[in-house]
Amino acid sequence: MSKRENIASDIITKLDAVSSPIEFKKITREPFEVEELADSQFPAMFIQTGDETSGKRQGTIDFLIVAFVKGTTANIDTLRNQVIEVVEETLDNDITRNGNALDTQIVEANSDEGVIFPYGAVRITARVLYEFTRGNS
């Protein structure tokens, strides 16, 4: 498996293992229709490999993490903030992505600001710096 795939798999594995203060009920690499999810599948997220830049022996990959929560007018913002915090803390626990990367940083976190109520969405970009040998990226 390539380093890109190993890094993506590590992100999913680490986020899937979270159980407190929230537990992600659905994690996938493919986008989905949030309206088609059952209440028991929230919070849900998908992770996709985004932009990549590379130099001679190092590259950066942006991983887009899109998460959805379902709440009420009283707690939707709190739920979105919890998701962002959990993702940041979880990915900070192992910035090497199980030895496949040099660094991992959350470089952006955005919310939907209540546009899709009763769902709340956050978009988080995790930037991963890694080394590779040509042919093994």
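This structure is a prediction, so every number in the text was calculated from the model and none was measured.
Contact of the F42 side chain with the V34 side chain is registered, since non-hydrogen atoms from C-beta on lie closer than 4.5 Å. For the pair I61/R4, a side-chain contact is recorded, criterion being any heavy-atom separation below 4.5 Å from C-beta on. No side-chain heavy atom of K70 sits less than 4.5 Å from a side-chain heavy atom of L37. Annotation: side chain of L15 is in contact with side chain of I47 (closest heavy-atom distance under 4.5 Å). I7 places a side-chain heavy atom less than 4.5 Å from the side chain of F63. Side-chain atoms of E108 and R127, non-hydrogen and from C-beta on, never get closer than 4.5 Å to each other. Taking 4.5 Å as the limit, every side-chain heavy atom of V69 sits out of range of all side-chain heavy atoms of I22. Counting heavy atoms from C-beta on, the side chains of F117 and D112 never come closer than 4.5 Å.
In this structure, the separation between CG on D92 and CD on Q105 is 9.0 Å, given to the nearest 0.5 Å. One finds the OG1 atom of T96 at 9.0 Å from the CG atom of L102 (value rounded to the nearest 0.5 Å). The structure places CD of E52 at 7.0 Å from OG1 of T60, a figure rounded to the nearest 0.5 Å. Rounding to the nearest 0.5 Å places OH of Y130 at 11.0 Å from CG of N6. Rounded to the nearest 0.5 Å, atoms CD (E88) and CD1 (I106) are 6.0 Å apart. Rounding to the nearest 0.5 Å places CG of D16 at 11.5 Å from OG of S9.
For the pair Q41 (side chain) and A38 (backbone), a donor-acceptor distance under 3.5 Å is present.
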Would I65 and L91 count as a side-chain contact (heavy atoms from CB on, under 4.5 Å) here? Give the steps. CA-CA 12 Å; I65 300 167; L91 296 185; 4.0 Å; yes
side-chain contact (heavy atoms from CB on, under 4.5 Å) for V83 and F24? Distances and angles first, verdict last. CA-CA 9 Å; V83 167; F24 297 105; 4.1 Å; yes
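Counting heavy-atom neighbours within 6.0 Å of R123 CZ, excluding the residue itself, gives a total of 12 or less. For D51, the CG atom sits in a loose shell: 12 or fewer heavy atoms of surrounding residues, nucleotides or ligands are nearer than 6.0 Å.
Each of T72, T78, D77 was scored for a side-chain hydrogen bond (donor to acceptor under 3.5 Å, both in side chains) with N75, with one residue passing: T72.
The two residues I76 and P118 make their nearest non-hydrogen contact at CD1-O, 3.3 Å. Heavy atoms only, all atoms of each residue included: Q82 and P21 are closest at NE2-CB, 4.5 Å. Minimum heavy-atom separation, R97 to A101: CG-CB, 3.9 Å.
There is a path of hydrophobic side-chain contacts, each under 4.5 Å, that joins F32 to I116.
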